[in-house]
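All remarks here apply to the structure that follows.
Here the structure is a predicted model, which means the values were calculated and not measured. Sequential numbering from 1 along the given sequence is applied to the chain's residues.
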Amino acid sequence: MIYIISLLILLFILLSIFLYKANQNTKDIKLNKIQLSTKHSSNHSYLSILHLSDLHLENISITANELAEKLQYEKPDIIALTGDFLDRKRSIPKLDAYLKVLQQIKPKHGIYAVLGNHDYVLNQYNLQKLIQCLTRYGCHVMQNSSLTIEINKQLINIIGVDDYSTNRSDLKKSYQSIQEGINLVLTHDPNLVLEMDNYPFDYLLAGHFHGGQIRYPKAYHLAKMGKLPRLNMIKGMQMHNDSPFYISEGLGQTGINIRVGSRPEITFHEIAI
């Protein structure tokens, strides 16, 4: 009996240590810097992008002030937000402080946002409140739409494709107004790329998988989330039909606020155009 009690105590201590370290991992935020060229590259101009994804404000371990400190010297051309801001209506007011940080960066060519599957858990009324909150801080909320910007006479189509995992993606509608130029696609679920053989892109930014969040040693639990996880394509730079796309590990967590084998991520992309 004493042996069993001692074993249970030991297991409890080990589990507590594991959970503590796993929670601390959520505060160990990576700042990744990516450089790449496109087939349009002239090597004379660059597009710089600050990419944030999957804030999941119910389980985020970075405060708005800490985010501001990490970004204080950054001057991106655009900011890209690729969905899953929150799950619950009570978290909408919490988003203000983070959006204020991004607004104060004053990206030269704006802030662009798409929604994720967790955002669509909200009912229609609260979803509109979320969209209004984003818009109030200067975000272009893109639901199967595009906007075109110009940098040094190079046209860049910013294409926001709505969430694939909840069957809201409409590629035809998203691409209907693009011009001849570079196609930058923002979406939440990167599985979308498997449907894009007839919709060319030069670069695509997404999130959704959290890098597995808990990997042991592989993120087997993501298998139900589409073909890409089954191919172990769950984070970082990937390729499809010779076109590059990047999957962010995100800033927040879902479920329990822990990470094992993954880290929260802030990403800066510099694209030669």
Side-chain angles (χ1 to χ4, degrees), residues 26 29-30 32 34 49-60 79-88 91 95 98 112-122 127 130 134 139 141-144 159-171 174 184-196 199 201 203-215 218-240 243-267 269:
T26 68
I29 297 170
K30 297 184 297 184
N32 287 327
I34 309 296
I49 306 169
L50 164 59
H51 178 205
L52 301 177
S53 194
D54 298 84
L55 271 67
H56 290 288
L57 291 175
E58 291 80 16
N59 285 310
I60 189 169
I79 296 175
L81 309 174
T82 52
D84 274 9
F85 297 95
L86 43 83
D87 295 86
R88 301 177 181 90
S91 300
L95 183 59
Y98 292 88
Y112 302 85
V114 293
L115 301 175
N117 57 301
H118 282 262
D119 303 313
Y120 281 115
V121 170
L122 298 172
L127 179 65
L130 169 61
L134 289 161
C139 299
V141 181
M142 309 182 76
Q143 295 174 284
N144 298 316
I159 304 165
V161 186
D162 215 345
D163 181 51
Y164 178 78
S165 65
T166 54
N167 299 312
R168 288 178 167 86
S169 298
D170 187 333
L171 284 163
S174 301
L184 170 65
V185 176
L186 309 181
T187 197
H188 179 65
D189 183 350
N191 282 298
L192 178 74
V193 299
L194 304 176
E195 308 291 333
M196 295 184 68
Y199 295 91
F201 63 89
Y203 199 34
L204 181 147
L205 299 177
H208 191 43
F209 299 141
H210 303 184
Q213 188 169 318
I214 302 172
R215 304 180 69 188
K218 293 185 179 180
Y220 296 107
H221 57 293
L222 295 184
K224 62 183 180 181
M225 295 179 70
K227 186 175 180 180
L228 290 183
R230 294 194 290 273
L231 296 171
N232 201 32
M233 299 170 71
I234 61 172
K235 66 176 182 177
M237 185 69 76
Q238 307 290 341
M239 297 290 292
H240 179 70
S243 294
F245 64 101
Y246 192 90
I247 308 173
S248 170
E249 295 191 60
L251 264 183
Q253 293 70 234
T254 53
I256 188 169
N257 194 26
I258 63 174
R259 284 184 181 254
V260 179
S262 68
R263 294 293 185 276
E265 176 177 12
I266 296 170
T267 317
H269 306 262

Starting at [atom1] of [X], measure out to [atom2] of [Y] and round the result to the nearest 0.5 Å.
X    : Y    : atom1 : atom2 : answer
T26  : N59  : OG1   : CG    : 8.5 Å
K30  : I266 : NZ    : CD1   : 11.5 Å
L251 : L52  : CG    : CG    : 5.5 Å
I34  : L205 : CD1   : CG    : 10.0 Å
N32  : M237 : CG    : CE    : 10.5 Å
L186 : T82  : CG    : OG1   : 7.5 Å

Next on the checklist: Is the ring pair Y246/H269 parallel, tilted or perpendicular, if the boundaries are 30 and 60 degrees?
Outcome noted: perpendicular
For [X] and [Y], which heavy atoms make the closest approach, and how far apart are they?
X    : Y    : result
E195 : L171 : O-CD1, 3.5 Å
S91  : L57  : O-CD1, 3.9 Å
S53  : G207 : OG-CA, 3.5 Å
V114 : M142 : CG1-O, 3.6 Å
L86  : L122 : CD1-CD1, 3.6 Å

Side-chain heavy-atom pair [X], [Y] within 4.5 angstrom cut-off:
X    : Y    : answer
Y98  : I60  : yes
D170 : D162 : no
D84  : N117 : yes
H240 : L204 : no
L192 : F201 : no
F85  : L134 : yes
F209 : D189 : yes
P264 : R259 : yes

Checklist entry - Please walk me through it: do H210 and S262 pass side chain to side chain donor-acceptor pair (under 3.5 Å)? => result CA-CA 8 Å; H210 303 184; S262 68; over 6 Å; no
Checklist entry - Who passes side chain to side chain donor-acceptor pair (under 3.5 Å) against Q143, sequence neighbours left out? => result Y120
Checklist outcome for this item: Sorted by chain and residue number, the side chain to side chain donor-acceptor pair (under 3.5 Å) partners of D163 (sequence neighbours excluded) come out as S165, T166
Checklist entry - Are the side chain of E265 and the backbone N or O of H51 linked by a donor-acceptor pair below 3.5 Å? => result no
Next on the checklist: Tell me if a side-chain donor or acceptor on D119 pairs with a main-chain N or O of L127 at a distance below 3.5 Å.
Outcome noted: no
Item to check | Sequence neighbours excluded, every pair satisfying salt bridge (Lys or Arg N to Asp or Glu O under 4.0 Å) that has a member inside residues 225-237 | outcome: K235-E249
Next on the checklist: Set out, in order, the CA-CA distance, both residues' side-chain angles and the distance that settles side-chain contact (heavy atoms from CB on, under 4.5 Å) for N144 and V161, then state yes or no.
Outcome noted: CA-CA 4 Å; N144 298 316; V161 186; 3.8 Å; yes
Item to check | Chi angles and distances behind the side-chain contact (heavy atoms from CB on, under 4.5 Å) call for R168, L115 | outcome: CA-CA 10 Å; R168 288 178 167 86; L115 301 175; over 6 Å; no
Checklist entry - Does Y164 have its ring centroid less than 6.0 Å away from the ring centroid of H208? => result no
